[in-house]
Number of protein chains: 2
Amino acid sequence: MNRAAGDFEVAADGGQPAAVVPGRRGRPRSAAADSAIIEAVLSLIEDGVSIAELSMERIAREAGVGKATVYRRWPGKNALMLDVMRSLDVPSPPAAGLSVRDDLVSLLEFLRHRGLAKRGSALLRTVVSHVRAQPELWAEYHATVIRARHEALLGVLRRGVANGEIRADHDLDTLADLFVGPMLARALLHERTDLPEALPADLVDLVLEGVRPGARPAAATAAG
Amino acid sequence: MNRAAGDFEVAADGGQPAAVVPGRRGRPRSAAADSAIIEAVLSLIEDGVSIAELSMERIAREAGVGKATVYRRWPGKNALMLDVMRSLDVPSPPAAGLSVRDDLVSLLEFLRHRGLAKRGSALLRTVVSHVRAQPELWAEYHATVIRARHEALLGVLRRGVANGEIRADHDLDTLADLFVGPMLARALLHERTDLPEALPADLVDLVLEGVRPGARPAAATAAG
DNA sequence: CCGATACGGAACGGGACCGTATCGATGACT
DNA sequence: AGTCATCGATACGGTCCCGTTCCGTATCGG
């Protein structure tokens, strides 16, 4: 019964498994152990360890924790990985600023650091490779990380359409991919996986050029 | 000595390890076993098995081959995986056609089928997740698969710049990512990973709108 | 035919990991 | 003070895999 109660607390708490239940007897679970375990998984993934190579023993070792302490919280690796995904709160969506153009730039700049930098990139790579084998893991990552960013981007694009800065004759999801995709391609497909500082602004200006209803750039005025 | 000679043939032959050497005594190696092993690896990867989960025993089992037959050809899993990457010949870059626009569409259409469809997508996901852990594997995949496609795309873009269909004020590598990236984003980031049939044409038209020097689309003629 | 090398299959000792159990110590409740 | 679930650590039997070695058979060159 204790096991079952504990496991349900995992789901109910939404990521931090060791909630202190008021009526609970005995020594309470260590919150430090929780975060050490989650952090150990993230750290190992960041170092390029694939999920298949992530053993419970190795996770416990990395976390400086007994194996039983891990199994007391999660019934197995799958459940642990799901909670790791749930722990990936997007820190803060960049606030709505001045122009749609500037908001897009700051959104992509946010993606450049937090989304496709070291840890974010390793996570994305690792999770993306397990789409077929562990669909639930992918679903959780998508719901926690990808969806929020996509929605934020869509919001800015909708504002652009309403403002008249963006033409309304394109599917907004496709348009969103037009901004995110090149960042992704650069982070995953090229040999150097770091993203240049100027990339977000360049990308936004380049794409907006094609979708805004306004004037042509100076370089093209002579052409006919 | 036989072992060493055999291993060098692997490298010299460029992917098919069991070359029949004229002066060789005894029963020659089975070419069928070679392809069965390579095919087994690709098939397993296609089913979502990560490289870490790919054991030599499982590969031999899937190929219907004794384990010794695998070890006779490759010294270990790493070497085998490298040859698997080398076996991934890009079947045929789409021929240069009429307009730059049409060539871009057929190039992306090619990518849609062969590059990001079932097998290609699984391979990309799997290899991309091992960038940190096995850089040589990534380098080989990049050299065999990605580079050829990127060069083909760059060639078309250069032709577009020469023709005047594409303005010359943008980095061509960035421009290439502008075409490939959205395909990649759609294949990797969305929940449905299949690519719509109309995506290549839509994408090319959308991007070209922003980078061609010519007239504006009809919707924008009235604007300032 | 004969020597040599290949084949699929089975077995080997060694190692890593699984999930569980047990240990003495720890610490927050009653 | 007493109770009791937790802690890190260690050990267990079981499973899978590694890389090698042997088997009996098949298939080449000489």
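All values below were derived from every heavy atom in this structure, side-chain atoms included, with hydrogens, water molecules and symmetry-related copies excluded.
For B/Arg73 and C/dC7, the shortest distance from a side-chain N or O to OP1 or OP2 is below 4.0 Å. An OP1 or OP2 oxygen of D/dT6 is reached within less than 4.0 angstrom by a side-chain nitrogen or oxygen of A/Arg29.
Between A/His190 and B/His142, a ring centre-to-centre spacing not shorter than 6.0 Å is recorded.
Between B/Arg86 and B/Glu136 no salt bridge is recorded (no basic side-chain N to carboxylate O distance below 4.0 Å). Salt bridge status for B/Asp205 with B/Arg101: present, with a side-chain N to carboxylate O gap under 4.0 Å. Between B/Glu140 and B/Arg147 there is no salt bridge, since none of the side-chain N atoms of the basic residue sits less than 4.0 Å from a carboxylate O of the acidic one.
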Inset, instruction - Decide yes or no on side-chain contact (heavy atoms from CB on, under 4.5 Å) for B/Leu104 and B/Leu153, but give the supporting numbers first. - result: CA-CA 7 Å; B/Leu104 287 174; B/Leu153 181 52; 3.5 Å; yes
Please tabulate the protein-to-nucleotide N/O contacts below 3.5 Å involving nucleotides 8-13 of chain C, giving atom names and distances.
{"unit_1": "C/dG8", "atom_1": "OP2", "unit_2": "B/Gly66", "atom_2": "N", "d": "3.4"}
{"unit_1": "C/dG8", "atom_1": "OP2", "unit_2": "B/Thr69", "atom_2": "OG1", "d": "2.4"}

All N/O pairs under 3.5 Å across the protein-nucleotides 24-28 of chain C interface:
{"unit_1": "C/dT26", "atom_1": "O2", "unit_2": "A/Arg27", "atom_2": "NH1", "d": "2.9"}
{"unit_1": "C/dG27", "atom_1": "N2", "unit_2": "A/Arg27", "atom_2": "N", "d": "3.4"}

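Of all the heavy atoms in A/Leu124 and B/Leu189, the pair that sits closest is CD1-CD1, 4.1 Å.
Listed for the B/Lys77 side chain is a donor-acceptor partner under 3.5 Å among the backbone atoms of B/Leu54.
In this structure, the salt bridge (Lys or Arg N to Asp or Glu O under 4.0 Å) partners of A/Glu109, at least two apart in sequence or on a different chain, are A/Arg112.
Atom CG of A/Asp34 is separated from atom C1' of D/dC7 by 13 Å (rounded to the nearest Å). B/Tyr71 has its OH atom 13 Å from the C1' atom of D/dT21, to the nearest Å. In this entry the distance linking CD1 of B/Ile37 with P of C/dC7 reads 8 Å, nearest Å.
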